[in-house]
Student: 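Sharing a structure below in structure tokens format, with a few things to ask.
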Amino acid sequence: MARTSSRASIGRTPPAVTVDGGSITTTTLLTDGSTDAVAVPVAPPRDGDDALRPLQGTAEAAARYGVDLAEIGDRAGLSGAAGEIYVLQLPRPVGSSVTLPWSGLPPRLVLVGVGSGRPADLRRAGAALARSTRGLRRVVTTLGAEAHQDDSAAATCARAVAEGYLLAAYVPQTSATKDSSPRDAAELVLLGRDGTRATAAVAEGRTAATATWLVRDLAATPASTKTPAWLADQAKRLATKAGLEVVVRSPRELAAEGFGGILAVGAGSASSPRLVTVSYTPPTAGGRHVVVVGKGITFDTGGLSIKPREAMVPMKTDMTGAAVALATVLGAAAAGVAHRVTAVLPLAENHFGGASYRPGDVLTMWGGTTVEIANTDAEGRLVLADALAWADATLDPDVLIDVATLTGAATLGLGKQHAALYSADDELATALAAAGDASGELAWHMPLVEEYEEAVESQIADLRHVPLDKHIGGGSITAALFLRHFVGSRRWAHLDIAGPARATSDKHEVTEGATGFGARLLLRYLEQLR
């Protein structure tokens, strides 16, 4: 799929990934003219050895192409590390009667380092392969096809390769009228896999990658297009197409029902706020009901507590939590998970104007809790508080999860690789962290420090939404403590994705700009939930 000059294609699908039971020596895909590259895995040398280790299909490919793998590895200085790539572009004889060993074979032989061969390394290998084969038609590979003790391990490896490939195959959309960017990566065929389990695993990986693509597309859309109304329309269109129930609340309905936080945050903008719910119900009853609430600030100026210019530049992505919630419910429906899933998207633009809310104001949230405002640039927790309180009271969830680009403080301790995970329920926190490990979207369980509760105390309202005493610190923790007041007695977890939701460059399966972090983690959690 080529890039497009419009933003109408929100909800794109990644390239195809298929499985084939053949091998390098038996498949006809290498000789029928339909394949542009063959990719084979290499691993680091064994202890005491200097040569790369050829894995499944590598020796066969070297023999068919007539190349010396050890010589290539030594000449190119290859180590076999995960994601290392070496492309051997083979010349074609022109006007010669000489038959070369690779005549009739694809013109590119790609050596791909797989490191330890664990899923995380195979995702990196798949991602590197996608970036090195952009613009080709079909790539055939034996990555991750090593002999395994059971079908489950083989399926896990196939999924990791497919997921990494598809995540790195993503090409951002553009509004440029002249576009010279590279085309999307090619179709991928995984050789040496057969059976329904491998096919199902690849399909799961594709569902997860599709969800991530959606989050990236939505988050990268300029705020000049992405008003709360536009984002609500996109959610409605995608949910309706998937056969899901969707409800959009307008400002009039928000006012009638008492959503004081969402309305206050959106009051300073010419683009009025919305609240969207999207619901998936599995065909068979008996599962849990998981509600995912996502922060949906379509642009954040900071309001009257205005941000510096540099801090505003990435703020079109401040609705990533809402995009993750939407992608999660759509992905759950596509995968047919056994649990009910509801996405709740509080959408607003935090601007400034004559109707802006102010520091010192007291807001009445949904359900009646009053909140003293100290900083209008801490708006995310206000829209989440409204949505969480409403979800707790009206949706009766078994598990309530919120996800948000909430605090810069979360990045100070955890950097850009981990989300900050808060929950008083150790079982829930462990399950989400395990899903993060399995998906490659890492989350670190942070403490809800009870001694910091004083940070959200107010003398003029029920709560204060940011600390009065700046010496308390722990800004990510105090934000989580504030949100905890709006979830009742539910099993609840808070994911602060401010760090990993954005990246300054491509790295492995992560793409520059909006990364889409969170959707794969939550879909893994739903898959594993019992």
Student: With a 4.0 Å cut-off on N to O distance, would you call D398 and R491 a salt bridge?
Tutor: no
Student: Sequence neighbours left out, what passes ring-ring contact (aromatic ring centres under 6.0 Å, His included) with Y422? Give chain and number order.
Tutor: H494
Student: For the pair E379 and K295, evaluate salt bridge (charged side-chain N to carboxylate O under 4.0 Å, His left out) and give the outcome as yes or no after the intermediate values.
Tutor: CA-CA 10 Å; E379 81 298 329; K295 172 188 170 184; 3.5 Å; yes
Student: Please report the shortest heavy-atom distance between L448 and A424, naming the atom on each side.
Tutor: CD1-N, 3.8 Å
Student: side-chain contact (heavy atoms from CB on, under 4.5 Å) for V293 and V403? Distances and angles first, verdict last.
Tutor: CA-CA 6 Å; V293 177; V403 56; over 6 Å; no
Student: Between K236 and D233, does any NZ, NE, NH1 or NH2 come within less than 4.0 Å of an OD or OE carboxylate oxygen?
Tutor: no
Student: Can you check side-chain contact (heavy atoms from CB on, under 4.5 Å) on V112 and E84, steps first, answer last?
Tutor: CA-CA 6 Å; V112 187; E84 185 179 63; over 6 Å; no
Student: Judged by modelled atom types alone, do H351 and S356 share a side-chain donor-acceptor pair under 3.5 Å?
Tutor: no
Student: Keeping the roles fixed (side chain from T298, backbone from A223), state whether a donor-acceptor pair exists under 3.5 Å.
Tutor: no
Student: Less than 3.5 Å apart, any donor N or O on the side chain of T430 or E427 sitting next to an acceptor on the other?
Tutor: no
Student: State plainly whether the residues E257 and R249 are in salt-bridge range, i.e. N to O under 4.0 Å.
Tutor: yes
Student: Looking at A201 and A155, what are the two nearest heavy atoms and their distance?
Tutor: CB-O, 3.3 Å
Student: In terms of side-chain geometry, is the basic nitrogen of D396 or R490 positioned less than 4.0 Å from the acidic oxygen of its partner?
Tutor: yes
Student: Take W492 and D392, measure what side chain to side chain donor-acceptor pair (under 3.5 Å) needs, and give me the verdict at the end.
Tutor: CA-CA 10 Å; W492 163 73; D392 168 51; over 6 Å; no
Student: Hey, does the side chain of K307 reach the backbone of M312 with a donor-acceptor pair shorter than 3.5 angstrom?
Tutor: no
Student: Can you find a side-chain donor-acceptor pair between D496 and T407 that sits under 3.5 Å?
Tutor: yes
Student: So, for A160 and P119, which heavy atoms are closest and what is the spacing to 0.1 Å?
Tutor: CB-O, 3.5 Å
Student: Please determine, by modelled atom types, if E349 and T227 share a side-chain donor-acceptor pair under 3.5 angstrom.
Tutor: no
Student: So, the side chain of D377 versus the backbone of G303: is there a donor-acceptor pair under 3.5 Å, distance only?
Tutor: no
Student: Test L244 against L330 for side-chain contact (heavy atoms from CB on, under 4.5 Å), laying out the working first.
Tutor: CA-CA 8 Å; L244 306 184; L330 293 170; 3.9 Å; yes
Student: Going by an N to O cut-off under 4.0 Å, is there a salt bridge joining E163 and R206?
Tutor: no
Student: Determine, step by step, whether E512 and T504 satisfy the side chain to side chain donor-acceptor pair (under 3.5 Å) criterion, reporting the C-alpha distance in whole Å, the side-chain angles of both residues, the deciding distance to 0.1 Å, and the verdict.
Tutor: CA-CA 5 Å; E512 181 182 356; T504 56; over 6 Å; no
Student: With the side chain counted from C-beta on, respond yes when F299 and N350 share a heavy-atom pair under 4.5 Å apart, and no when they do not.
Tutor: no
Student: What is the minimum heavy-atom distance between P346 and G294, and which atoms define it?
Tutor: CD-O, 3.0 Å
Student: Among E453, E454, E372, which one satisfies salt bridge (charged side-chain N to carboxylate O under 4.0 Å, His left out) with R464?
Tutor: E372
Student: Quick one: do the D318 and T405 side chains pair a donor with an acceptor below 3.5 Å?
Tutor: yes
Student: State whether a side-chain donor-acceptor pair under 3.5 Å links S305 with T376.
Tutor: yes
Student: Scan D217, T212, T511 and name whichever one has a side chain to side chain donor-acceptor pair (under 3.5 Å) with Y170.
Tutor: D217
Student: Between the side chains of E527 and R159, is the shortest nitrogen-to-carboxylate-oxygen separation below 4.0 Å, so that they form an ion pair?
Tutor: yes
Student: Is the NZ or CZ atom of R340 positioned over Y280's six-membered ring, under 6.0 angstrom from the centre and within 45° of the axis?
Tutor: no
Student: Would a distance-only check, ignoring hydrogens and angles, find a side-chain to backbone donor-acceptor pair under 3.5 Å from W213 to L166?
Tutor: yes
Student: Might you point out which heavy atoms bring A374 and V466 nearest each other, and give the distance in Å?
Tutor: CB-CG2, 3.2 Å
